[in-house]
Amino acid sequence: MIARAPSRKQNHKDKKFRVIGTSPIRSGDIDKVTGQAIYGIDTHLPGMLYGAVLRSPHAHARILSINCLEAEMMPGVKAVITSADFPDLTKQIISLGEEGASLQYQTDNILARDKVLYYGHAVAAVAATSLHIATEALQKINVTYEDIPPVVDIRKAMDGGAPVIHSNLRTDELGKKSNNPTNIASHVQFKSGNPEKGFSQASVVVEREFNTATVHQGYIEPQNATALFSANGQLSIWCSTQGVFSVRDQVSEILQIPVKYIRVYPLEVGGAFGGKNRVYLEPLAALLSKKSGHKPVKIVMSHNEVLTATGPTSASYIQIKMGADNKGQITAATAWLAYAAGAFPGSSVETAAACIFAPYRIDNILIDGYDVVVNRPWTASYRAPGVSNAVFACEVVIDELCERLAIDPLDFRCINGVKEGDQRTNGLRYDRIGFQETLETAKNQPHYTAPLLGPHQGRGVASGFWSNGGGRSSASASINLDGTVNLATGSVDLTGTRMSLSMQLAETLGIQADDVRTSTADTDFIGYTDGTWGSRTSFSTGWAVYEVGRQLIYALRKRAADLWQLPLKHVKFSEGIFTIGNQKFTFKELASRLCEDYPLSVNTSVSPDGVGPAFATHIVDVEVDPETGQVKILRYTAVQDVGKAIHPAYVEGQIQGAVTQGIGWALNEEYIYDEAGRMLNTSYLDYRIPTCPDVPSITPVIVEAPNPGHPYGVRGAGEMSIVPPPAAIANAIHAAVGVRMNTLPMSPARLLEAIWNKGLHSD
Amino acid sequence: MLAFDYVKAHNVKQAVSYLSQRGESARILNGGTDLIVQLQEGSQRASLLVDIKAIPELNQLSYDPHQGLLVGAAVSCWDICQFPAIKKYYPGLLDAVSLIGGVQIQGRASLGGNLCNASPAADSIPALIIYQATCLIAGPDGSREISVEDFCIAPGQTALRLGELLVSVRLPPPKIGGTGACYLRFTPRSEMDIAVVGVGVAVVLSSDRTTFDWARIALGAVAPTPLLVPAAGEFLRGQKTSAAAIKQAAQIAKESTRPINDMRGTIAQRKHLTAILVRRALEKAIGRAQQNDKEE
Amino acid sequence: MPRVQIPALLRELTNGQDMVVVPGETVGQVIENLDQSFPGIKGRLCYGNKLRKNLSLVIDGKLNQRGITQTVSEKSVIRFIPAISGG
Amino acid sequence: MPSKIPVNAIINNELIQFYCEPRQSLLEVLRDDLNLTGTKQGCNNGNCGACSVILDGMLVNSCLVLAVEIEGKSVTTIEGITPKEGLHILQQKFLEHNAQQCGICAPGFIMAAKALLDRNPDPTEEQVRRWLAGNLCRCTGYVKIVQAVLDAASCLRNSTQVER
């Protein structure tokens, strides 16, 4: 039976839910508090070897030679590999043409070939009978390098004279390539209306530039992978990933193994936030397993490796110009965004460009985005990738416009904020959205009008936009004899989506959440499913779950019609009750009755349109110590439109967690490099993610403007609230001590300097 | 981690002989909160770890009004913070020791370890210096005693000679009446961080509590080793406890610093923070001195 | 006839026009016909016979997953926008 | 290859003998040799607290303890505080408050919180936050963790028969 294409518009008027909107406890979480939950790092197989990776001490160097002999001779060492052990991809890459480049980058990032491109770039890997022997063996691998001047700074990298990182790289402008070698990988542009004209109509124009540092997702479970390359050619992988199919396909391409021979098993994941989509260790573990005689090989990164060698998010340089008339109407806005992609092209600058002005109705817009390679680790996604940097710049400029126009910042946003029917810069039209609701709700928060209690305290607000994601999802469901349902999906559960999926199926079938047992299937047992990214799982996989629910109901109605000899239309289902002629049955009653001799299971795959974008508006109070530059977050309220909160307690947790990452980004987190391009702060002692006493008790406020593109109104909740914090905090700092911060992080040293400079200028 | 041997020393003599035999490649294992990390990173190497936690002398913790305070080198930060005499008579030391790491570190890290790791930013060392603490050292040629300010000679380097072992730290008895002390540090995070600047001050006020009879100021993270600033103390002697005097002392301390730019702070920031923290620490120490009167 | 919003960087090929009217019943046909009037534009939008990986198709303000095979109506407005990644 | 040393210790109230190299951390031995993987590996250098266990009554990072050091000592891990039936009150409260998301830090937080409540049955929110400074959580923003610990504390105060 064919699932209806999940695209038709949903009417959420006076929808009553039985399960959705409650916050049941997921029994599976018991394993997390007893320590019995199995994560990638907990994988242990009989005869398992331990792998370790040799990493470059240089930010940019040519590899002249690698000698592994001494390491291979060590007792206990079972295999040593270098890039020479990878299959030759030349043919493959040529056949892919332009798009072959990305495969080359992928492979070169996993093990450097002729050049190392960043401090920590993998060069060789070892498998041995113990981790200690493996790490000892690394020191016996002899690599000779020829140093090349590195470039870690984004603006230096864009200069003509800068060392070129990829001699074959040309700037791509939608298919048109520049002539000369460059570090600028691509240029994206949005243009609408006439900015010059718009600025001429403005009564206030503010133009500012901003710098933001590289930051890392900072998950606690390090990257890890265990692989068993069996003699029969089957490759099994257990790893810490957001997407099992994505791992399968990447490994398949890199090692040139047909997907049918690769099976990837999902496990609990100890944090990801976008950082566990790309593979780093899986191909190494697989090759080591093969070379060591088909023994399972486990590799776990140290946190030093996680910080130096796995994708953080982009550092950026941003120029913003915005104008508004005296009524507070934005007349024009331009943005110039340069994002550091790291060693290989592919920063999230395009996403940033598409999202930066999305919350506002602006007729005259010009946005230019540049993707720039530098000698830093290859950047990866991080929770609403690239948007926090861009929105920081935009919302700080807006705060200055409000100050100059003497308009309340929330009123200003109400005046300019987008509504249903408005169109985004990129041409997407807004359906039902909740931006105005977040603004109204924020205004009505007691926090917004509460008095500040001390000197050097200030309040700031900022809004933000996140597009949310859709993508492909599959689900299968089978009815047990007791009328409960087993649900399997391909979505890795990072923070409780098994529950939000159980609840959506339970709602569809009219049963309780704990009547549905949801698990994540491995790649052999479920249809293709994209990774758990873009806040997409409750939306897209939720769609798939809803569809299998409809299929189960349809199948039961047909069976009942046959049994009772009634036309199908006389077997009705609503509010969880089957009405058959004049008899009534609950789902459980009918299911247990109709599935004993003839089991019932269904499955479906979807790729739904109708993704519902999210908006948030945050309020924060800070206290600044003007003598030290230290910022204390006194109070934080985060208002976010989630469409529909399936499990409100989980949604609150998502908002609180995202805000805390935003606070870290705003105040202390940054990659610090020396002149040679070596990262200095490679532990969680000096890469300062917020600790418990660093943050207040964050108040999440859930706004529900149902997404018409989803049967239960889901938009997605995971990412949105990491976007506003840096701007909101910057605006609060200005309110507290009168300095406008234009650099992230706003660390004590930087804020102190800004306060000094202001002091000098003000007299 | 590279392989090493492990021995547990049961008395000072045994420890000293292990250290003498193995020479440079033998390292003392106490709480391990620095050493184990350094061995893992490969920034330190060792062929032998000598565990000294079981040596009785290194676990002494006693206070005597005439002898003062004796803290064995192996006594944990946690135990120091719980010791009533330290709360009462050495609040500056309590300030510092309670800042060393989170709870997990407190139970393992020791005063001796913090000293012997000889980090310029070590929190406990300025606090020990202001209390005129001395190090009792045992070695192949018998034992000796040196003042804490002479113990650290360079970043990560101490005055300990081959085969020598820090046994305990002795703090003279507090001056009676009008005494106050305080250790403050600045860190970007409120916990789990390394001092950008650390400041310890101890003062003795005149009987009417309006004048400095004596003062001692020591700084952390602003020079290759923890820094005693005699000039600041001498200046304060006889000065009124006025804002002006405090400001001047802070200025003297600031001028004595030789900080560097590194990932944790800049020269300008460290010099500036030195003056700020000296002022705040003096104000707090004076407050404590006057507080003690109320209690006595 | 369907209208196509020309991405800013391709307006150099359409003498600055940002919206052009093009015949065609599928996105693919529209692109072919667009290339007739503005030679080279197909090569900028497509790689081989597929939309470039980093482009998303937008029809009448809505994202569309079906690429060049998607049928379009007389009133359709077609846009090509940079694909958006997620964390 | 370096020879292994026998170590006798009480782990979760059981006298256990194991053999280890001096360079093996307690964390490594617990997880790889004794299969007590409830103690999670995070940063492995004392900064995240995921590997927190209780050693002779003191909360420690097991990644910064050498396994040979626990000779004759007593170690309690998350497995050791989980009763045969039901859950420890802290585990219960973590569940009720949804204090875990990815959950990798949860065992460490629970061990740390237990060490706190064993000493201070009535902590303030500020005391809880300071005490937990050595445990990093990247998912929750700590709010629900702190609520869970405060709630567990009040339950412990109000009841005598709850397991500790």
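Sequence lines set the chain letters: A, B, ... in the order given, protein chains first and strands last, and positions in each chain run from 1.
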Less than 4.5 Å to any heavy atom of chain D: does that hold for the side chain of [X], its backbone, both, or neither?
X      : value
B/M192 : side chain
B/L49  : side chain
B/L2   : backbone

Answer yes or no: are there more than 12 heavy-atom neighbours, outside [X] itself, under 6.0 Å from its atom [atom1]?
X     : atom1 : value
B/K13 : NZ    : no
B/K8  : NZ    : yes
D/Q17 : CD    : yes

Under 4.5 Å, heavy atom to heavy atom: which of residues 55-64 of chain D reach chain B? Give them by number, or say none.
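Hits under 4.5 Å: D/M58, D/L59, D/V60, D/N61, D/C63, D/L64.
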From [atom1] ([X]) to [atom2] ([Y]), nearest 0.5 Å:
X      : Y      : atom1 : atom2 : value
D/W131 : B/Q106 : CH2   : CD    : 9.0 Å
B/Y6   : D/L66  : OH    : CG    : 7.5 Å
B/Q104 : D/M111 : CD    : CE    : 11.0 Å
D/R23  : B/D5   : CZ    : CG    : 11.0 Å

Cationic N near anionic O, under 4.0 Å, B/K53 to D/E69
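So B/K53 pairs with D/E69 through a salt bridge.
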Less than 4.5 Å apart, any side-chain heavy atom of D/R119 and any of B/V103?
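D/R119 vs B/V103: side chains apart.
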Which atom pairs, donor and acceptor, lie under 3.5 Å between side-chain atoms of residues 14-21 of chain B and protein residues at least two apart or in another chain?
| from | atom 1 | to | atom 2 | distance (Å) |
| --- | --- | --- | --- | --- |
| B/Q14 | OE1 | B/H10 | N | 2.4 |
| B/S17 | OG | B/Q14 | O | 2.8 |
| B/S20 | OG | B/V16 | O | 2.5 |

Please look at D/V53 and chain B and tell me whether the side chain, the backbone, both or neither of the residue comes under 4.5 angstrom of a heavy atom of that chain.
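For D/V53, there is no contact with chain B at all, as no heavy atom is under 4.5 Å.
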